[in-house]
Amino acid sequence: MNENLFASFITPTMMGVPIVVLIVILPTLLFPSPSRLIANRLISTQQWMISLILKQMMIIHSPKGRTWSLMLISLIMFIGTTNLLGLLPHSFTPTTQLSMNLGMAIPLWAGAVILGFRHKTKASLAHFLPQGTPIPLIPMLVVIETISLFIQPMALAVRLTANITAGHLLMHLIGSATLALMSISPTTALITFIVLILLTILEFAVALIQAYVFTLLVSLYLHDNA
């Protein structure tokens, strides 16, 4: 009960050296490349899900935007598997770190925006000033649209960090309450344990949904600029 509530969010180290790089690489082991002519059920299911998600995200994009398909599918697979692995006991979830999420969001957002200014300069500049804006409001709207543009990667990173962190904290609190109530009121502890199981199932869904939302928003930013 004396364990620090935020201990699970501290970057793990081995002999004083952070091992977060090894943890980030770990999810790639869950998606092996098929070495046989006929893939097994696991790889076939993975390939079917990847093609289904890719088809749904790429249907709105132009041929230039579809060149990002490999990057986007790699992104959703990485975030999804990292979130799921973080639900295992005594594990570390890299996506609870705002710095890592910003490291994913900023380059992808910047790439989409630069692509837009390079190939659709007039359309990209038109986003800063909606059509029919009264002349006195033009300076204010340009400032507001500029701020909203630069807030996009921060919103991406904060949304993912907040949702994953909140779920882990809630599971930790309910789990600690269950252990404390076992010796006081077994009936209440059983009810709390059932709530914990339901919350864990919900967190599995949240882990996948947040990966999809993050990738979908990047895809929409790309659609607006490519």
Side-chain angles (χ1 to χ4, degrees), residues 1-12 20 23-24 26-31 41-42 45-57 72-105 108 152-220:
M1 293 300 294
N2 294 326
E3 182 183 357
N4 184 4
L5 187 62
F6 297 93
S8 60
F9 303 114
I10 300 175
T11 304
V20 67
I23 298 173
V24 169
L26 180 62
T28 59
L29 302 178
L30 302 177
F31 296 94
R41 289 184 178 87
L42 177 61
T45 304
Q46 291 176 353
Q47 292 176 343
W48 173 76
M49 291 182 64
I50 289 171
S51 62
L52 182 66
I53 295 171
L54 193 60
K55 186 183 297 184
Q56 184 177 3
M57 285 196 300
L72 293 178
I73 201 64
S74 300
L75 180 67
I76 191 172
M77 289 168 59
F78 170 74
I79 298 177
T81 51
T82 303
N83 291 344
L84 290 176
L85 289 175
L87 293 173
L88 297 175
H90 304 288
S91 60
F92 173 73
T93 313
T95 47
T96 57
Q97 307 296 311
L98 182 60
S99 56
M100 175 177 170
N101 295 336
L102 282 173
M104 292 189 295
L108 292 170
Q152 287 177 353
M154 180 65 72
L156 270 179
V158 170
R159 180 185 294 107
L160 180 59
T161 305
N163 282 282
I164 301 301
T165 303
H168 285 217
L169 287 176
L170 195 55
M171 290 174 61
H172 186 281
L173 290 171
I174 295 178
S176 301
T178 304
L179 289 175
L181 290 170
M182 286 180 64
S183 57
I184 301 173
S185 175
T187 305
T188 308
L190 178 61
I191 296 174
T192 312
F193 181 68
I194 294 173
V195 173
L196 179 61
I197 293 176
L198 295 176
L199 179 63
T200 304
I201 296 173
L202 177 63
E203 282 303 309
F204 272 97
V206 169
L208 297 176
I209 290 171
Q210 289 304 315
Y212 180 75
V213 169
F214 189 97
T215 310
L216 181 62
L217 289 175
V218 173
S219 175
L220 291 177

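These numbers were taken from a predicted model, which means no experiment stands behind them. Throughout, residue positions are numbered sequentially from 1 according to the sequence presented.
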(request) Looking only at non-hydrogen atoms, find the nearest pair between A105 and L156 and report the distance. (result) CB-CB, 3.9 Å

(message) Would you compute the distance between atom CD1 of I164 and atom OG1 of T82 and round it to the nearest 0.5 angstrom?
(response) 10.0 Å

(request) Applying side-chain hydrogen bond (donor to acceptor under 3.5 Å, both in side chains), name anything that partners T215, two or more places apart in sequence or on another chain. (result) none

(request) Check whether any side-chain N or O of T81 sits under 3.5 Å from a backbone N or O of F78 as a donor-acceptor pair, and report yes or no. (result) yes

(message) side-chain contact (heavy atoms from CB on, under 4.5 Å), that's the test. Do M104 and V218 meet it? Break it down for me.
(response) CA-CA 10 Å; M104 292 189 295; V218 173; over 6 Å; no

(message) If I take atom CD1 from residue I79 and atom CD from residue Q210, how far apart are they, to the nearest 0.5 angstrom?
(response) 9.5 Å

(request) Can you see which heavy atom on A207 is nearest to which on L84, and at what distance? (result) CB-CD2, 3.9 Å

(message) I'd like to check the side-chain contact (heavy atoms from CB on, under 4.5 Å) partners of L98; sequence neighbours left out, ordered by chain and number.
(response) L102, A157, V158, T161

(message) My understanding is that only residues two or more places apart in sequence, or in another chain, count here; which of them pass side-chain contact (heavy atoms from CB on, under 4.5 Å) with L88?
(response) L85, S91

(message) Run the side-chain hydrogen bond (donor to acceptor under 3.5 Å, both in side chains) test against S74 and tell me which residues pass, sequence neighbours left out.
(response) none

(message) Within this structure, what is the CZ-CG distance for the pair F204 and N83, rounded to the nearest 0.5 Å?
(response) 11.0 Å

(request) Go through I53 and M57 one step at a time and tell me if the side-chain contact (heavy atoms from CB on, under 4.5 Å) criterion holds. (result) CA-CA 6 Å; I53 295 171; M57 285 196 300; 3.9 Å; yes

(request) Can you tell me which residue pairs pass the side-chain hydrogen bond (donor to acceptor under 3.5 Å, both in side chains) test with a partner in residues 192-209, sequence neighbours excluded? (result) none

(request) Check step by step if side-chain contact (heavy atoms from CB on, under 4.5 Å) holds for L217 and Q152. (result) CA-CA 9 Å; L217 289 175; Q152 287 177 353; over 6 Å; no

(request) Give the minimum heavy-atom separation between A211 and G80, together with the two atoms involved. (result) CB-N, 3.5 Å

(request) Would you give the length of the straight line joining atom CD1 of I201 to atom CG of L196, rounded to the nearest 0.5 angstrom? (result) 10.0 Å

(message) With rounding to the nearest 0.5 angstrom, report the CE to CE distance, M49 to M77.
(response) 10.0 Å

(request) For residues H168 and G86, report the shortest heavy-atom separation together with the two atoms involved. (result) CE1-O, 3.4 Å

(request) Nearest 0.5 Å please: distance from the CG atom of L87 over to the OG1 atom of T93. (result) 6.5 Å

(message) Can a donor-acceptor pair be found, under 3.5 Å and without considering hydrogens, that links the side chain of S185 to the backbone of L181?
(response) no

(request) Report, as yes or no, whether the 6.0 Å neighbourhood of atom CE on M171 holds more than 12 heavy atoms from other residues, nucleotides or ligands. (result) yes

